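Okay, structure first, notes after.
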Amino acid sequence: MTAWTRYRHIIVGAVAVVLLVTVAGLTVHYRDNISVVERRVLELLAPVQRVATETGRALRGFWNALTELQDLRAETVRLRAEVDRLRALEPLLAEAEAENRRLRDLLEFEPLPAYRQVAARVIGRSLSNWFSTVEVNRGTTAGIEVDMAVVTHLGLVGRVVRVTNQTATILLLVDPQSGVGAEIIRSREPGAVVGNASFEDTCVMRMFSRDADVQVGDTVLTSGLGDVFPRGLHIGSVAGVARAEQGLLVLATILPAVDFTRLEEVFVLVPE
Amino acid sequence: MPWWAWLALYASLVWLQTSLSAFFGLFRAAPDIFLAVTITLGLLHGPVTGAATGLLLGLSGDLVSGRLIGLGALALAIPGIIAGLIARRVYRENLAVLAGLAAALATLSSAAYVAGASLLGIRLGFVRGMLVIGLPVALYTAVLVPVFYLVSQRRLGPGARGPGG
């Protein structure tokens with residue numbers, strides 16, 4: 001019996017381990033260009049994921065309909081009252097908008113670049129439990145590119161990290177590798193909102209100043225620093241404030257405005 | 001089985017994994033169907049099948065997620081190999097033994113993934129990760145593996161008693 005015959009499983013196993021660890025080391029972060037193999041796998045799995053997600057949604061919808069029937073009547077009454085209240089605000093909003101436009105003209109204020117909103121449907125989540133990404137059904141053919149911001153009507157969702165012709169991968173705000181320039185709207189205090197490595201659906205805002213003016217309940221928006229996220233997108237609200245590393249670092253826990261467990265439709269902001 | 005049947009089986013697994021993650025959420029983890037299938041096949045057919053299944057399923061999951069490609073494959077291949085190696089030494093007809101073994105292997109898989117990610121520079125928080133993701137996945141796997149094992153045995157017949165019978 002030769003050494004190869006005797007130890008072939010161990011040799012093949014060792015080579016496989018070295019190869020896999022090397023490839024893993026080379027793909028720690030998202031790359032600008034994805035390989036042909038990844039592109040093919042993503043495109044092949046997209047229809048399967050789409051059908052699977054729709055199935056899951058239908059099951060959840062059916063279950064929710066069964067459990068929530070009783071609450072619907074009270075909800076309808078509450079929503080009607082809310083609609084009446086918002087209708088009453090309409091004239092005030094139109095007036096404020098007109099005033100805003102006049103003041104901008106007076107100041108010759110340069111508006112932010114305009115964005116086209118490309119609607120996309122979530123067709124799948126990451127197959128791994130360890131990271132927070134979703135797949136959507138729009139890709140390069142709809143004008144989507146890497147590093148475009150993604151939002152819902154509630155606020156910021158994340159950014160595009162990979163695209164194929166028909167799909168795009170969105171890195172969610174809560175992923176440990178996510179990072180966004182942000183500011184507290186009340187005090188204009190700047191910071192960086194990063195994903196929470198403790199697997200909660202919250203983020204952490206690292207304040208740039210150790211005397212940062214930040215309080216529970218403060219609203220957090222994107223600051224527009226960097227090229228990815230436009231200024232003024234709603235990130236969430238401050239749920240807690242803590243000091244770390246002998247009080248040198250102020251960390252605020254941010255409760256995102258978007259519920260990432262129930263993402264169905266998103267808008268990709270494509271610069272015009 | 002012909003190649004198209006394997007392909008259909010794989011598509012079904014992806015379908016199941018994606019549907020379940022949309023529907024289930026114990027803490028924030030979804031059941032890991034790939035892991036349960038790998039352990040089941042390792043128990044039924046031995047370490048080589050367990051390793052190959054883990055590598056293939058793990059690699060396809062890694063290619064979809066796009067990060068740390070290969071680490072997920074390793075984290076699945078390890079329990080696949082161990083399941084195959086110890087299959088002969090445990091009383092697999094006892095469902096409680098199967099469930100306990102599956103939970104232990106799932107915990108090992110999660111630990112391998114977090115440790116590997118940390119070594120490669122992505123800090124995932126070991127203790128909290130094991131509590132929030134590792135524990136629920138272990139519970140799900142403890143339920144799924146005995147079910148898959150029984151179904152596979154019935155489907156494949158008495159010949160599918162695994163390495164060494």
Side-chain angles (χ1 to χ4, degrees), chain A residues 9 12-13 16-17 19-31 34-35 37-42 44-45 47-57 59-60 63 122-133 135 161-162 169 171 174 176-177 196-201 260-261, chain B residues 10-25 27-34 47-48 51 55 57-75 77 81 110 113-114 116-117 119-125 127-129 131-134 136-137:
Chain A
H9 286 133
V12 169
V17 168
L19 256 174
L20 291 171
V21 171
T22 308
V23 176
L26 293 172
T27 53
V28 169
H29 301 289
Y30 283 108
R31 293 138 287 141
I34 61 172
S35 64
V37 181
E38 283 172 88
R39 192 178 292 275
R40 289 282 172 270
V41 169
L42 284 171
L44 275 173
L45 289 185
V48 180
Q49 284 196 301
R50 190 177 300 132
V51 173
T53 304
E54 293 302 334
T55 315
R57 259 182 213 144
L59 284 172
R60 198 168 64 188
W63 178 253
V122 174
I123 56 166
R125 291 177 179 275
S126 167
L127 293 179
S128 161
N129 276 313
W130 299 99
F131 296 113
S132 303
T133 57
E135 300 291 321
V161 286
R162 280 194 310 177
T169 307
L171 183 72
V174 287
Q177 282 194 303
N196 195 335
S198 59
F199 308 103
E200 290 166 352
D201 282 331
F260 295 104
T261 59
Chain B
Y10 173 69
S12 312
L13 291 178
V14 173
W15 176 80
L16 204 57
Q17 180 71 57
T18 311
S19 303
L20 288 176
S21 63
F23 198 54
F24 280 89
F27 299 103
R28 53 173 283 169
D32 193 334
I33 304 292
F34 287 0
V48 175
L55 282 176
L57 291 180
L59 207 53
S60 67
D62 288 343
L63 287 171
V64 172
S65 93
R67 267 181 295 188
L68 297 169
I69 294 170
L71 188 60
L74 263 183
I81 293 169
S110 298
Y113 194 88
V114 184
L119 284 175
L120 292 168
I122 296 185
R123 290 186 60 197
L124 290 172
V127 176
R128 181 133 184 102
L131 203 66
V132 179
I133 307 265
V137 168

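Letters go in sequence order (proteins before strands), and every chain restarts at 1. In this text, all values refer to a predicted model and were calculated from it rather than measured experimentally.
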Using the ring of each side chain (for Trp, its six-membered ring), is A/Trp130 parallel, tilted or perpendicular to B/Tyr113, with breaks at 30° and 60°?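 Because their plane-to-plane angle is under 30°, the rings of A/Trp130 and B/Tyr113 count as parallel.
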Report yes if some heavy atom in the side chain of [X] is under 4.5 Å from a heavy atom in the side chain of [Y]; otherwise report no.
| X | Y | answer |
| --- | --- | --- |
| B/Phe34 | B/Ser60 | yes |
| A/Leu42 | A/Ile34 | yes |
| A/Arg162 | A/Glu135 | yes |

Quick check on B/Val127 against chain A: is it the side chain, the backbone, both or neither that has a heavy atom closer than 4.5 Å?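 Answer is neither: B/Val127 stays 4.5 Å or more from chain A.
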For chain A, which of [options] has the most heavy-atom pairs under 4.5 Å?
| options | answer |
| --- | --- |
| B/Ile81, B/Leu119, B/Asp32, B/Leu68 | B/Leu68 |
| B/Leu71, B/Leu55, B/Ile122 | B/Ile122 |
| B/Gly58, B/Ser12, B/Gly66 | B/Gly66 |

Mind checking salt bridge (charged side-chain N to carboxylate O under 4.0 Å, His left out) for B/Arg67 and listing every partner two or more places apart, or none if nothing turns up? A/Asp175
Segment of A/Val23 engaging chain B (4.5 angstrom heavy-atom cut-off):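 The answer is both parts of A/Val23.
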With no hydrogens and no angle check, is any side-chain donor or acceptor of A/Glu38 less than 3.5 Å from a backbone partner on A/Ser35?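 Checking the backbone N and O of A/Ser35 against the side chain of A/Glu38, a donor-acceptor pair under 3.5 Å is found.
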Pick from A/His29, A/Gln177, A/His9 with the largest number of heavy-atom pairs that fall under 4.5 Å of chain B: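 Of the options given, most contacts go to A/Gln177.
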Per-residue tally against chain B (heavy atom, under 4.5 Å) across A/Thr133, A/Val21, A/Leu45 peaks at A/Leu45
